[in-house]
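One structure is given below, encoded as structure tokens.
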2 protein chains.
Amino acid sequence: MLVLITYDVNTETKAGKTRLRKVAKECMNYGHRVQNSVFECYMDNAKALEVKHILEKIIDKDHDSLRFYYLGNRYENKVEHIGVKPSFKLDDVLIL
Amino acid sequence: MLVLITYDVNTETKAGKTRLRKVAKECMNYGHRVQNSVFECYMDNAKALEVKHILEKIIDKDHDSLRFYYLGNRYENKVEHIGVKPSFKLDDVLIL
């Protein structure tokens, strides 16, 4: 299924910047980056639980947030892109 | 239906910052902000076309991107949130 992961990490502190980098790095192990803080992951339920568990441990729940959108297996017509195509490197973990 | 709008606007220039602000402001007319660059909009097809058309005219397609995710009407179990709840003002249009 397609799982969309979006995140906001508060980067006002050095610790926040580190969390942001870690979240992005971890997401890269599971899917591909389509925007700065948006990853699309094609995975089964077990993998989805796994990445959720990992990301939950990285973020500071008082300052950051994660959202998961489960788009199922028939996602071809559920996604639309307009504009520039992404070309991110990990070091493009940008400060929100 | 639930339509998720995510965007990346390149804010390296003053014009980019203006575009970012305009995109966020426009999205606020159609849905609610759940993360910095993520809006959830409950709308019909006509409204979805409308907001897409408006946002397309605001962004610079060589530097920015929009993504639309169509989650249908049965979206209750398709969305999961972890961490801090959003409380954005328009002036929180943050620089990516």
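Lettering of chains follows the sequences in order, A, B, ..., and the numbering in each one begins at 1. This one's a predicted model, so the numbers in the text were calculated from it and none came from an experiment.
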Measure [X] against the heavy atoms of chain B and call it side chain, backbone, both or neither at under 4.5 Å.
X	answer
A/D60	neither
A/I59	side chain
A/L4	side chain

Next on the checklist: What part of B/V38 gets within 4.5 angstrom of chain A, counting heavy atoms only: side chain, backbone, both, or neither?
Outcome noted: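 The answer is the side chain of B/V38.
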
_With B/E56 via salt bridge (Lys or Arg N to Asp or Glu O under 4.0 Å) - residues at least two apart_ =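 Once residues adjacent in sequence are excluded, the partners of B/E56 under the salt bridge (Lys or Arg N to Asp or Glu O under 4.0 Å) criterion are B/K61.
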
Query raised in the report: Is any side-chain heavy atom of A/E26 closer than 4.5 Å to a side-chain heavy atom of A/K57?
Result: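 The answer is no; the side chains never approach within 4.5 Å.
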
Legend entry - Selection from B/L2, B/T6, B/L55 maximising heavy-atom pairs under 4.5 Å formed with chain A: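 It is B/T6.
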
Checklist entry - Should A/K22 and A/R19 be marked as a side chain to side chain contact (heavy atoms under 4.5 Å, CB included) after you check the CA-CA gap, both sets of side-chain angles, and the distance that decides it? => result CA-CA 5 Å; A/K22 282 184 182 174; A/R19 292 197 305 277; 5.6 Å; no

Next on the checklist: With a 4.5 Å cut-off on side-chain heavy-atom distances among I, L, V, M, F, W and Y, is there a chain of contacts connecting A/V34 to A/V84?
Outcome noted: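 No: no chain of side-chain contacts under 4.5 Å links A/V34 to A/V84.
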
| query | Which pairs with one or both residues in residues 61-84 of chain B pass ring-ring contact (aromatic ring centres under 6.0 Å, His included), sequence neighbours excluded? | reply |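 Output for this query lists B/Y42-B/Y75.
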
